[in-house]
Amino acid sequence: MSSITIETSVYNLGDMEMAKRIFAIPDTLVVAVGPPTCIRILYFRALECGQLSKLKLVPIRALDYTFGDYLEKIKGVVEAALRKACYQGIILYVSCPDLLSQTDFDTMIEGLDNPHQIPVEIFKRGPMEKRKTSPSQRLDKIAAKIADFVKTRPLVLSKNAAVCELPPLAADYTGVLSLFPDDEAVCQFLMTGSGCANCPSSIDKLNHNPFIFSRFNDLQAVNGCTNEIGEAITKRFQMNHQTKDIKLFLSIGTPVTFMTGMNDHFLQTCDLFEMTCAIDTNGFQTAEEGVAKALLKIAKATLKKVENRKKRLNIIGYNPFLFGKRQHFDEIETCLTSLGYAVNFLGYESLGSFKTAAEAELNLVFSRHGLSLAKWMAEMFEIPYHFAMPIGIDGFNQWLRAVGTLLKTVIPESYYLNKEPQPCPAFRVLLLGENEILDQLEAAIPNDFGIITIRANKITDQELQQMTVTHVIADPLYQNRINTISYKFIPMPYPSLSGNAFIELDYQYMGQTGYAYLKRFFANEVTA
């Protein structure tokens, strides 16, 4: 059994060479199966290769693994692809959890309704399989089988017009890795066989802080290798003499450690660091949920009661997977600091943000995933909180009035935003997707512009035409799935969906800057 190693993350898309090879196999569909986080990376590799039409994603939930009844779901997906007659081969791209649980794909394949006997092959990827044969060798055998079939029984194929559905949202453990982006006092350790490091090292890397992660194989995972991981961490830090600068060591779980019970075992590293926190993420929840879980746990381990309050405000619930770059909060921060308050982005400036958090007069909660922490702080430290997102002119003004009331201070009228009178144009705006910013825009756009808004999470071109929509607000990834000729597209990136692909776009949503951003797209027919 090979020894466990600890490595530092490097920014790249991972095994793109293997992705190029698998998508280069002619007339073949890749059906990716596994936890959402395990198949998310494949979407962006297919996007990079220009091959979204050759990928199908089948995310499996934690309960599906618990009950073991998801093979019928996969069978239905494969049989639907066989009926389309678009393919001369189908590859089941299988992830680590299915290898560990010994999912019987072979029996499922034998029972397929497959009258043309199109090859349906299993490609096992990840650290739980690499101990046996190399991925290249396994892929070569699959490609050869499909090529032999094409030579002996060529089919007349119908046109494939399908495009892969949008990827699953970024995983909970990836959200935890976005905390403390510039603080060397925090060391984040991802407990994984290695494959789970791909997304946070590439498309979901939203800041500049590297993390460390483990490499272990299937035998080590099944036998339970928590002690060996602890020894590897100890060896690494003792050799490099790095522990003296680290105040907090975060151990972060993944699907493999969750499914093997490794999340329940404490790493034997507590004597190395001033403080150690184990975050029991599992890869089946979203990045925003992971952030909420981690912030509450870190707060409970670090916050202490104080005697006196200071002119300080905590911002709770900001995370880049919902809000993008912190610069989107510049207008809000400027407003609060000009009132004489120090603004503390809890969990994002540094570990020191927790040391001063209990001194705050008020907690400003900007997303529902900050509520659990705010409620706990209200109970433990009697710090009031206000939950609202200042989006739109009316939304900003209502938020500012509430803040003034809670702080028992008079906010000058000059701080409030003036709404320019707008006629009600014959516009219809579709808000496409599901997140809290779109929730707020659903009310803000009618209030600020007198424009009707419609909500949808998924939509076809035909449905879009029947709605007579004039504008669509969505993450730019949606442009891969809908025809954008007949309306204006307003980009509103949602990094939990699209990672860092569009995070640098010049877009806004809060306060005056958000109002001005939207007005640019309505300006041709909306006059002040």
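- Under the 3.5 Å distance criterion, the side-chain polar atoms of Ser101 are matched with a main-chain donor or acceptor of Pro97.
- Distance check: Arg61 CZ to Phe67 CZ gives 9.0 Å after rounding to the nearest 0.5 Å.
- Of the possible polar contacts, none joining the Glu72 side chain to the Asp69 backbone as a donor-acceptor pair under 3.5 Å is found.
- Here Leu295 contributes atom CG and Trp376 contributes atom CH2; the two are 11.5 Å apart, rounded to the nearest 0.5 Å.
- The aromatic rings of Phe189 and Phe249 sit parallel to each other, their planes meeting at less than 30°, with 60° as the upper class boundary.
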Test log, rule side chain to side chain contact (heavy atoms under 4.5 Å, CB included), inputs Lys293 and His369: CA-CA 9 Å; Lys293 181 180 292 187; His369 293 105; over 6 Å; no
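- Under a cutoff of 6.0 Å and an axis angle of 45°, Arg326 and Tyr318 do not form a cation-pi pair.
- Of the charged side-chain nitrogens involved, none lies within less than 4.0 Å of a carboxylate oxygen, so that Glu434 and Arg455 do not count as a salt-bridged pair.
- A heavy-atom distance below 4.5 Å is found between the side chains of Leu166 and Leu497.
- Atom-to-atom distance recorded for Thr302:OG1 and Leu248:CG is 8.0 Å, nearest 0.5 angstrom.
- The aromatic ring centres of Tyr478 and Phe489 sit 6.0 Å or more apart.
- Between Leu364 and Leu336, some side-chain heavy-atom pair lies under the 4.5 Å cut-off.
- Scanning all heavy atoms of the two residues, the minimum distance from Phe284 to Pro255 falls at CE1-CB, 4.4 Å.
- The environment of Lys73 atom NZ is dense: over 12 non-hydrogen atoms of other residues, nucleotides or ligands sit within 6.0 angstrom.
- For the atom pair Asp506 CG and Gln327 CD, the distance stands at 11.5 Å (nearest 0.5 Å).
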Worked verdict on Lys325 versus Glu504 for salt bridge (Lys or Arg N to Asp or Glu O under 4.0 Å): CA-CA 8 Å; Lys325 299 177 73 173; Glu504 297 294 339; 2.9 Å; yes
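- Using a 4.5 Å heavy-atom threshold, the side chains of Arg236 and Ile212 count as touching.
- By the 4.5 Å heavy-atom criterion applied to side chains, Phe216 and Thr5 are not counted as neighbours.
- Side chains of Pro167 and Leu477 form a contact here, defined as non-hydrogen atoms less than 4.5 Å apart.
- With sequence neighbours excluded, the residues forming a salt bridge (charged side-chain N to carboxylate O under 4.0 Å, His left out) with Glu165 are Lys56, listed by chain and number.
- Lys205 NZ to Asn198 CG: the interatomic distance, rounded to the nearest 0.5 Å, is 13.5 Å.
- Side-chain N/O atoms of Tyr173 and Thr37 include a donor and acceptor closer than 3.5 Å.
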Worked check of side chain to side chain contact (heavy atoms under 4.5 Å, CB included) between Leu190 and Val176: CA-CA 10 Å; Leu190 191 65; Val176 181; over 6 Å; no
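- Summarising the geometry of Asp204 relative to Ala170, their closest heavy-atom pair is OD2-CB, 3.6 Å, with the distance given to 0.1 Å.
- Judged by distance alone, the side chain of Gln188 and the main-chain N or O of Leu179 form a donor-acceptor pair under 3.5 Å.
- Proximity of Lys355 to Lys304: side-chain heavy atoms (C-beta onward) are nowhere separated by under 4.5 Å.
- Taking all atoms of both residues into account, the shortest heavy-atom contact from Pro390 to Ile332 is CG-CD1, 3.6 Å.
- Residues Asn282 and Thr254 form no side-chain contact, since every pair of their non-hydrogen atoms from C-beta on lies 4.5 Å or further apart.
- No donor-acceptor distance shorter than 3.5 angstrom exists from the side chain of Arg215 to the backbone of Ile4, with no hydrogens or angles considered.
- The structure places CG of Asn363 at 4.5 Å from CE of Met377, a figure rounded to the nearest 0.5 Å.
- Glu48 has no carboxylate O lying under 4.0 Å from a charged side-chain N of Lys20, or vice versa, which leaves the two without a salt bridge.
- Aromatic ring centroids of Phe387 and Phe366 lie 6.0 Å or more apart.
- Residues Met108 and Leu92 meet the side-chain proximity criterion, which asks for heavy atoms closer than 4.5 Å.
- Thr286 places no side-chain N or O within 3.5 Å of a backbone atom of Leu169 that could act as its donor or acceptor partner.
- For the side chain to side chain contact (heavy atoms under 4.5 Å, CB included) with Tyr43, the qualifying choice from Cys164, Pro168, Ser498 is Cys164, the only one to do so.
- Between the side chain of Asn500 and the backbone N or O of Ser202, at least one donor-acceptor pair lies under 3.5 Å.
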Audit row: Ile91, Leu29, side chain to side chain contact (heavy atoms under 4.5 Å, CB included) steps and yes/no: CA-CA 6 Å; Ile91 298 175; Leu29 177 69; over 6 Å; no
Ser194 vs Thr192, side chain to side chain donor-acceptor pair (under 3.5 Å): CA-CA, chis, key distance, verdict: CA-CA 5 Å; Ser194 73; Thr192 170; 5.8 Å; no
Evaluation steps, side chain to side chain donor-acceptor pair (under 3.5 Å), between Thr513 and Glu331: CA-CA 8 Å; Thr513 54; Glu331 181 180 342; 3.0 Å; yes
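- Here Phe502 and Tyr507 keep their ring centres 6.0 angstrom or further from each other.
- Under the 3.5 Å distance criterion, with hydrogens and angles disregarded, no donor-acceptor pair is assigned to the side chains of Tyr65 and Thr103.
- Remark: side-chain polar atoms of Asp475 are paired, donor with acceptor, to backbone N or O of Tyr494 under 3.5 angstrom.
- The shortest non-hydrogen separation linking Phe323 to His328 is O-CD2, 3.2 Å.
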Worked check of side chain to side chain contact (heavy atoms under 4.5 Å, CB included) between Leu42 and Tyr93: CA-CA 10 Å; Leu42 201 58; Tyr93 189 104; 3.9 Å; yes
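- Side-chain atoms of Asn314 do not come within 3.5 Å of backbone N or O of Ile316 as any donor-acceptor pair.
- Listed here is the closest heavy atom pair of Ile252 and Thr281: CG2-OG1, 3.3 Å.
- Formation of a donor-acceptor pair under 3.5 Å by the Ser251 side chain with backbone atoms of Thr276 is not found in this model.
- Between the Ser353 side chain and the Ser350 main chain, a donor and an acceptor come within less than 3.5 Å of each other.
- Using a cut-off of 4.0 Å between Lys/Arg side-chain N and Asp/Glu carboxylate O, Asp183 and Lys247 are scored as not salt-bridged.
- Here the closest non-hydrogen pair linking Leu432 and Leu438 is O-CD1, 3.6 Å.
- Aromatic ring pairs are classed by plane angle as parallel below 30°, tilted from 30° to 60° and perpendicular above 60°; the pair Phe354 and Phe180 is tilted.
- Sparse packing is recorded around CD of Glu184, with 12 or fewer heavy atoms of other residues, nucleotides or ligands lying under 6.0 Å away.
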